[in-house]
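Taking it in order: structure first as C-alpha cells, then the write-up.
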Amino acid sequence: MNQASSKSPAAQLQQSRREKLQKIIQLGHDPWGHRLDERLPIGEARAMESQITKVTTDEGREEEQGPRVRVAGRIMLQRKAGKLIFLDIRDWTGKIQLLVGKRQVGEEQWELAQCFDLGDLIAAEGELKHTRTGELSVFVERLWIMTKTLEPPPEKHHGLTDPELRQRLRYLDLTYTPGVMERFLRRTQIVQAIRRTLDEQGFVEVEGPTLHAIAGGAAARPFETYHNALGIPLYLRIALELHLKRLLVGGMERVYELGRVYRNEGISPRHNPEFTMLEAYQAYGDYHTMMDLTEQLVLAALAATGQGQQVPWGETTIDFTPPFERITYAEAFRKHTGVDPEDAEAVARLAQSLEIETEGRHPDVIKNEVFEELVEPKLTGPVFVLDYPASICPLTKRKRDNPQVAERFELFIQGMEVANAYTELNDPDLQEELFRTQLAGLPPEESMARMDHDFIRALRHGMPPAGGLGVGIDRLTMLLTGAQTIREVILFPLLRPEGKRE
RNA sequence: GAGGCUGUAGCUCAGUCGGUAGAGCAACGGACUUUUAAUCCGUAGGUCCGGGGUUCGAGUCCCCGCAGCCUCACCA
C-alpha cells in the first residue's frame with residue numbers, strides 16, 4: 001500500500017518522529033539545538049518557589065507572581081488537553097512541569113510544541129507559578145527544541161526492567177530507572193571523598209602503566225595483548241602494587257593510584273573483568289597505619305554520600321560506627337569453625353568434610369580455603385581480620401616475633417573482601433625466595449615469566465618500611481549504596497556482544 | 001566451563017489442554033485552556049530469541065544454538 005507498511009515496526013515508530021524533525025526544520029528551528037545560556041538546573045528553579053508572591057489585580061482578583069526561569073530537560077510525560085499541553089521535563093537535578101498554552105505562546109511556538117515527543121530534550125522559559133491544582137510549573141512563554149529523539153523511550157511507568165537491556169542501554173537506564181542516576185552520582189562522591197582524604201594526608205596520586213610485560217602483584221589470569229612495533233606480548237595489569245612500590249623506592253613516600261585493573265576470570269555478582277582499585281602506600285608505616293587509614297577512607301566515603309553510619313543492606317543494616325571490630329585470623333577461624341587453626345590435622349579433616357582437596361597441598365592453603373568457605377560468609381562486619389598465615393602472603397612482612405604470621409589484614413563487610421593491606425615486605429632476598437616458592441609448581445617458562453626481576457632489583461636499592469593498602473572501590477560502592485550486584489555500580493559492565501540487529 | 005531459570009509489539013506484560021497471537025503504555029487520526037500514569041472515541045503495529053524436529057496443526061512439546069539472570073567452578 002505504502003512504504004511505511006513495508007518498513008520494520010521500529011522504522012514505523014521512527015517515522016512520525018522523523019516527520020516532526022522535518023517540520024521543526026521547516027519552522028526554522030535546529031532540531032539538534034545549540035548553546036543555551038542563563039539556564040537554571042531544575043532543582044535550583046524549584047528552589048525559587050519561595051519567591052512566588054500573591055498580588056491583587058486591578059480587577060480585584062488574587063493571582064500569583066513568580067520569577068522568570070529558563071530550564072531544559074528531557075520530556076518524561078506529556079498531557080495534551082486541547083489547546084494546552086502539560087509537559088514534565090527532567091534534568092539530573094529534578095523534574096518540573098511546563099504549562100504550554102496556545103494563546104500564551106502564540107501560533108509559531110504552538111506549532112513547535114506539536115513536534116515534541118516523549119524523550120525529546122527541550123528548553124523553556126517562563127514564569128514560575130502554581131497551577132490551579134497547586135503544581136509548581138513553568139508557565140511557558142518561550143520554547144526551544146534542544147535535541148530531537150528518533151527512538152521511542154521505555155514505557156513511562158515501568159521504565160526498563162530487563163537487566164540485560166538496563167546494562168546494554170545504560171543511557172536509558174540512567175534517566176528512566178529510578179535511583180540509577182543517584183547511585184552513580186554517589187559513586188562519584190565516594191571516589192571524590194577518597195581522593196580528598198588521601199590528598200589531605202599528603203599522598204600523591206600517580207598513574208602507573210596498565211600495559212605490563214609481567215602481570216604481577218596479585219594472583220589472577222591476565223588479559224593478553226601484543227605490541228606490534230616492539231613485537232612483544234603484553235598483559236593488562238592485574239594489580240597496581242609492584243609499580244607503586246617502585247615509586248616508594250624512588251622516594252615518593254606517600255603515593256596512591258586509583259585505577260582500573262583487569263582480570264581474565266569469571267563474572268559474578270561480585271566480579272567484573274575490569275574493576276576499580278585503590279592502592280595506597282605509606283613509607284615508615286605498617287599495616288596498623290593502613291587500618292586506621294582504611295577506616296578514615298570508609299567513613300569519609302560514607303559521609304560524602306550524605307548518609308548516617310547505619311546503612312541499609314538488603315534485609316539488614318550495616319553499622320559503620322567506628323572503630324570497626326578487629327579480630328585475628330586465628331581467632332576468627334576458631335570462632336566460626338570451632339576448630340583450632342594450629343591443629344593441622346583437625347583443619348584437614350574439616351577441609352575434607354567440605355570436599356576441599358587436601359592431597360599434597362600446603363596446610364595453610366587448605367586452612368585458607370576452609371576460612372573462605374566457612375568464615376568469610378559470616379564476617380558481616382565491618383571487621384578487620386588481621387595476621388594471616390605467612391605462607392599465603394608472598395608480598396608481606398612477617399611478624400617480628402613469629403615468622404609464621406604475616407602482618408596483613410583484610411576488611412570484610414557482608415562477607416565481601418573490601419580491603420587488603422600489608423606491612424610491605426622490603427627484604428629483596430626474601431621476596432625473591434617467596435616468588436620462587438610461590439611459582440613452584442608452575443611450568444618453568446611460566447614461572448620465569450612471572451618472576452619480576454626488576455622489582456627485586458628495585459628492592460635491592462632500598463624500599464623503606466611501609467604500609468600498603470588495596471581497596472575494591474566497586475565493592476565499597478555496592479555496600480555504601482545498597483547495590484546487591486557489582487553491575488549496579490559499574491556503568492558499563494562487560495556483556496557478550498549483541499547479536500545481529502535491524 | 002557445569003546446572004537451573006528466562007526470552008512474545010518500541011517498552012511493561014498476559015497467552016488455558018497443542019487449535020486463527022492479546023492487553024496496557026508509546027505511536028497515528030479526532031475531542032478537550034489547569035492536567036498529574038490526564039480522560040474519551042477510532043486506527044495501525046508481531047522473524048513469539050535463532051535453527052531443526054514431532055504433529056493435520058507448535059508461542060505452547062522435543063533437540064541444537066544464541067543472549068541474560070542465578071548457583072557452582074575459576075579468582076595465592
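Numbered from 1 within each chain, the chains take letters A, B, ... in sequence-line order.
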Report summary line: rA27(B) -> Watson-Crick or G-U wobble partner, both distances under 3.5 Å, gives rU43(B)

**Report entry** Side chain of Pro154(A) - closest among rA38(B), rC11(B), rA27(B)
**Finding:** rC11(B)

Query raised in the report: Distance between the C1' atoms of rU47(B) and rA9(B), in whole angstroms?
Result: 12 Å

Query - Minimum-distance nucleotide to His271(A) side chain [options: rA27(B), rC74(B), rC75(B)] - result: rC75(B)

Requested in this report: Just call it for Leu99(A): base, sugar-phosphate, or nothing, with non-hydrogen atoms closer than 4.0 Å on any strand.
Outcome: base

Query - Given rA27(B), rA67(B), rC74(B), the nucleotide with the shortest approach to the side chain of Arg496(A) - result: rA67(B)

Query raised in the report: Now, which nucleotide makes the Watson-Crick or G-U wobble pair with rA67(B), with each of the two distances under 3.5 Å?
Result: rU6(B)

Query raised in the report: Counting only Watson-Crick or G-U wobble pairs whose two distances fall under 3.5 Å, which nucleotide matches rU35(B)?
Result: none

Query - Interatomic distance at C1', rG59(B) relative to rG15(B), whole Å - result: 8 Å

Report task. Identify which nucleotide among rC75(B), rG24(B), rC32(B) has an atom closest to any side-chain atom of Ala220(A), counting heavy atoms from C-beta outward. Result -> rC75(B)

Query raised in the report: In terms of the angle between their ring planes, are Phe455(A) and Phe435(A) parallel, tilted or perpendicular, with boundaries placed at 30° and 60°?
Result: tilted

Query raised in the report: For Thr161(A) and Lys83(A), take the nucleotide of RNA chain B holding the closest heavy atom to each; which residue's nucleotide lies nearer the 5' end?
Result: Thr161(A)

Query raised in the report: Is there side-chain contact between Met290(A) and Glu424(A), with heavy atoms separated by less than 4.5 Å?
Result: no

Requested in this report: Give a yes or no on whether the backbone of Lys399(A) and the side-chain of Asn402(A) come within a donor-acceptor separation of less than 3.5 Å.
Outcome: no

Report task. Please state how far atom CD in Glu372(A) lies from atom C1' in rA76(B), giving the value in whole angstrom units. Result -> 9 Å

Report task. Output yes when Glu488(A) and Arg166(A) qualify as a salt bridge under the 4.0 Å nitrogen-oxygen rule, no when they do not. Result -> yes

Requested in this report: Using the P atom on both, measure rA73(B) against rG50(B) and round to a whole Å.
Outcome: 35 Å

Query raised in the report: Which value, in whole Å, describes the distance between the C1' atoms of nucleotides rA27(B) and rU12(B)?
Result: 16 Å

Report summary line: Ranking rG68(B), rU12(B), rU35(B) by distance to the side chain of Ser137(A), first place goes to rU35(B)

Requested in this report: Report the distance from atom CD1 of Ile238(A) to atom P of rC75(B), rounded to the nearest whole Å.
Outcome: 12 Å

Requested in this report: Starting at atom OH of Tyr176(A), determine the distance to atom P of rA26(B), rounded to an integer number of angstrom.
Outcome: 13 Å

Query raised in the report: Expressed in angstrom and rounded to an integer, what is the separation of Leu87(A) atom CG from rA38(B) atom P?
Result: 11 Å

**Report entry** Counter-base of rC48(B), judged by Watson-Crick or G-U geometry with both distances under 3.5 Å
**Finding:** none

Query raised in the report: To the nearest Å, how far apart are Glu155(A) CD and rG24(B) C1'?
Result: 7 Å

Query raised in the report: For rG1(B), which nucleotide in any strand shown is its Watson-Crick or wobble partner with both distances under 3.5 Å?
Result: rC72(B)

Query raised in the report: Would you say a side-chain N or O of Ser268(A) is under 4.0 Å from OP1 or OP2 of rU71(B)?
Result: no

**Report entry** Nearest-Å distance once atom C1' is located in both rA38(B) and rG24(B)
**Finding:** 15 Å

Requested in this report: Write down the distance separating the P atoms in rG46(B) and rG19(B), rounded off to the nearest Å.
Outcome: 23 Å

Query raised in the report: Separation of Leu165(A) atom CG from rG10(B) atom C1', in whole Å?
Result: 10 Å

Requested in this report: Kindly say if Lys80(A) contacts the phosphate of rG29(B), meaning a side-chain N or O under 4.0 Å from OP1 or OP2.
Outcome: no

Query raised in the report: Is Lys102(A) near enough to rU33(B) that one of its side-chain N or O atoms lies under 4.0 angstrom from OP1 or OP2?
Result: no

Requested in this report: Establish, with yes or no, whether the OP1 or OP2 oxygen of rU33(B) is under 4.0 angstrom from a side-chain nitrogen or oxygen of Arg103(A).
Outcome: no

Query raised in the report: Distance between the P atoms of rU60(B) and rG51(B), in whole angstroms?
Result: 12 Å

Requested in this report: Searching all strands shown, indicate the nucleotide that pairs with rA21(B) (Watson-Crick or G-U wobble; both distances under 3.5 Å).
Outcome: none

Query - Under 4.0 angstrom between Lys367(A) side-chain N/O and rA76(B) OP1 or OP2 - result: no

Report task. Considering just the side-chain nitrogens and oxygens of Ser16(A), establish if one lies under 4.0 Å of OP1 or OP2 belonging to rA27(B). Result -> no

**Report entry** Gln167(A) side-chain proximity, nearest of rC25(B), rG68(B), rC74(B)
**Finding:** rG68(B)

Query - rC11(B) and rG4(B), which share atom name C1', separated by this distance in whole Å - result: 28 Å

Report task. Would you mind classifying the nucleic acid contact of Lys129(A) as base, sugar-phosphate or nothing, using non-hydrogen atoms under 4.0 angstrom? Result -> nothing

Report summary line: Whole-Å distance, Leu160(A) CG to rC69(B) P, equals 15 Å

Requested in this report: Could you tell me whether the phosphate oxygens of rU35(B), OP1 or OP2, come under 4.0 Å of any side-chain nitrogen or oxygen in Arg79(A)?
Outcome: no

Query raised in the report: What is the distance from CZ of Arg17(A) to P of rC11(B), rounded to the nearest Å?
Result: 13 Å

Requested in this report: From the options rU12(B), rU34(B), rC25(B), select the nucleotide whose nearest atom is closest to the side chain of Phe86(A).
Outcome: rU34(B)

Query raised in the report: Hey, what's the ring geometry for Phe223(A) with Tyr262(A), parallel, tilted or perpendicular (30° and 60° as the breaks)?
Result: perpendicular

Query - N or O in side chain of Arg487(A) less than 4.0 angstrom from rC69(B) OP1/OP2 - result: yes

Requested in this report: Select from Leu495(A) and Glu265(A) the residue whose nearest nucleotide in RNA chain B is closer to the 5' end of that strand.
Outcome: Leu495(A)

Report task. Output the distance between atom CG (Asp427(A)) and atom CE (Met463(A)), rounded to the nearest 0.5 Å. Result -> 10.5 Å

Requested in this report: Could you grab the distance from atom CD of Glu155(A) to atom CG of Leu118(A), nearest 0.5 Å is fine?
Outcome: 10.5 Å

Report task. Flag the pair Glu265(A) and Arg263(A) as a salt bridge only when some basic side-chain nitrogen lies within less than 4.0 angstrom of an acidic carboxylate oxygen. Result -> no

Query raised in the report: Leu13(A) side chain: which of rA76(B), rU12(B), rG10(B) is closest?
Result: rG10(B)

**Report entry** Nearest-nucleotide pick for Pro394(A), side chain only, options being rA27(B), rG68(B), rA76(B)
**Finding:** rA76(B)

